[in-house]
Amino acid sequence: MPELPEVETIKETLKPFLCGKTIEQVTVNRPEVIAEPGAAEFVALLRGRRILALERRGKFLLVKLSGSYWLVIHLGMTGRLLWLESGAPQAAHTHLVLRLEGGEVHFVDPRRFGRLYFFSQPRLAEFIDLKDFGPEPLTPEFTPEKLGELLRDRRRPLKALLLDQRLIAGIGNIYADEILFAAGLHPLRPASSLKEKEINALYHSIRKVLAAGIAHGGTTVRDYVDGSGRAGSHQDHLCVYGRAGQGCPACGTLIERRRYAGRSTYFCPRCQV
DNA sequence: CTTGTGCCCTGACCGC
DNA sequence: TGCGGTCAGGGCACAA
């Protein structure tokens, strides 16, 4: 489910409830969702620790804990993190509950692609290093020049590159299609064929589309809700994603859907060249 | 290096 | 009502 704007929204909505609180109890209903270390160890290490800060790297949520430890969460396709009152009933597919002072965090994930990790500071650094993430697209380190460097000498289609977390971190299938539409670029355009003007258009589209996604509290096409259980509204602003057979908002040409890299890809055959 | 495929899972939806 | 097929915001292993 969640791409950068959704994880960012979840992080921001959970922040006021979680920061400064101590984890009093950890309930694991499904040990498989804990990737590292083992479930028993995970529970023992987490209990009694204080939450100091919430951060995000790509689609990963990073929870900074006392003693230089980290709880790291990836929500996969359908993962949710919900702040609920103490003793709230557990929805179906609630795999883990963190009891804090004054409430609980429920990790709910029907498809179970989401994973949780407990890391020491050096282990987190190693993990991030191993993932080899590209730059965060909304930070100052990400510039048009940087994007130009990333695209140079690569023949892969733009869609594949936008989905590749090692190039730019955080973009998923919805926002990749929306970004390419905003930039007027065909998803299958080889990266190295872009002119400087097109690189600039792509750069500004990446920033603009992701920022709009965050401003709208994420895109809810199916399961996504923020930390308070509220749906986003960016689905009302989508131009191409999920709109096969409907008119392009710019020119009226029918939006096309193609299968690429195992994912649906939506684009306007007239506006995107 | 690159691409495509299948898999991990559940649930919603569609056609018959 | 039921059944099978298809599809879904992700990511990984593996084959060609």
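Remember, predicted model here, so these are calculated numbers, not experimental data. Proteins come first, then strands; the chains are lettered A, B, ... in the order of their sequence lines, and each starts at number 1.
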Rounded to whole angstrom, note down the [atom1] distance from [N] over to [M].
N: B:dC9; M: C:dA13; atom1: P; answer: 16 Å
N: B:dT5; M: C:dT6; atom1: P; answer: 14 Å
N: B:dG4; M: C:dA8; atom1: P; answer: 16 Å

Take atom [atom1] of [X] and atom [atom2] of [N], then tell me their distance rounded to the nearest Å.
X: A:R257; N: C:dC7; atom1: CZ; atom2: C1'; result: 7 Å
X: A:E6; N: C:dA8; atom1: CD; atom2: P; result: 16 Å
X: A:D177; N: C:dA8; atom1: CG; atom2: C1'; result: 14 Å
X: A:I174; N: C:dA8; atom1: CD1; atom2: P; result: 11 Å
X: A:Y241; N: C:dG9; atom1: OH; atom2: C1'; result: 6 Å
X: A:D223; N: C:dC7; atom1: CG; atom2: P; result: 18 Å
X: A:R243; N: C:dC7; atom1: CZ; atom2: P; result: 20 Å

Task: Per-nucleotide protein contact string for nucleotides 11-16 of chain C, where B marks a base within reach and S marks sugar-phosphate only (heavy atoms under 4.0 Å, - for neither) - done: SS----
Task: Base-paired stems in DNA chain C, each at least three Watson-Crick or G-U pairs under 3.5 Å - done: B:2-8 with C:10-16, B:10-16 with C:2-8
With the threshold set at 4.0 Å, does a side-chain nitrogen-carboxylate oxygen contact exist between [X] and [Y]?
X: A:D223; Y: A:R111; answer: no
X: A:E12; Y: A:K15; answer: yes
X: A:R30; Y: A:D109; answer: no
X: A:E104; Y: A:R99; answer: no
X: A:R123; Y: A:E36; answer: yes

- [ ] Quick one: label A:T220 by what it contacts on the DNA or RNA (base, sugar-phosphate, nothing), any heavy atom closer than 4.0 Å.
- [x] nothing
Open item on the list: Take a 6.0 Å sphere around CD of A:E196 and say whether it holds more than 12 heavy atoms from other residues, nucleotides or ligands.
Closed with: no
Open item on the list: Testing the basics here: between A:P2 and A:M77, what is the closest heavy-atom pair and its distance to 0.1 Å?
Closed with: CD-O, 4.1 Å
Task: Single hit among A:F60, A:W70, A:F118 for ring-ring contact (aromatic ring centres under 6.0 Å, His included) with A:F127 - done: A:F60
TODO: Would you give the length of the straight line joining atom OH of A:Y203 to atom CD1 of A:I168, rounded to the nearest 0.5 angstrom?
DONE: 10.5 Å
Check whether any side-chain N or O of [X] sits under 4.0 Å from OP1 or OP2 of [N], and answer yes or no.
X: A:Y175; N: C:dG9; value: no
X: A:H93; N: B:dC9; value: no
X: A:T78; N: B:dC9; value: no
X: A:R259; N: C:dT6; value: no

What protein N or O atoms touch nucleotides 3-8 of chain B N or O atoms at under 3.5 angstrom, if any, and at what distances?
unit_1 : atom_1 : unit_2 : atom_2 : d
B:dT3  : OP2    : A:R156 : NE     : 2.9

TODO: Pull up the glycosidic torsion of C:dG9 and say syn or anti, syn being anything within 90° of 0.
DONE: syn
Open item on the list: Taking side chain to side chain donor-acceptor pair (under 3.5 Å) as the definition, give me every residue that meets it alongside A:Y117, ordered by chain and number, with sequence neighbours left out.
Closed with: none
Open item on the list: If you assign A:R154 and A:R222 each to the DNA chain B nucleotide with the nearest heavy atom, which residue ends up on the more 5' nucleotide?
Closed with: A:R154
TODO: Only pairs at least two apart or in different chains count here, so list each salt bridge (Lys or Arg N to Asp or Glu O under 4.0 Å) that has a residue in residues 43-66 of chain A.
DONE: A:E8-A:R56, A:R56-A:E136, A:R57-A:E136
TODO: Return each pair, listed once, that meets salt bridge (Lys or Arg N to Asp or Glu O under 4.0 Å) where at least one residue sits in residues 142-155 of chain A; pairs must be two or more places apart or across chains.
DONE: none
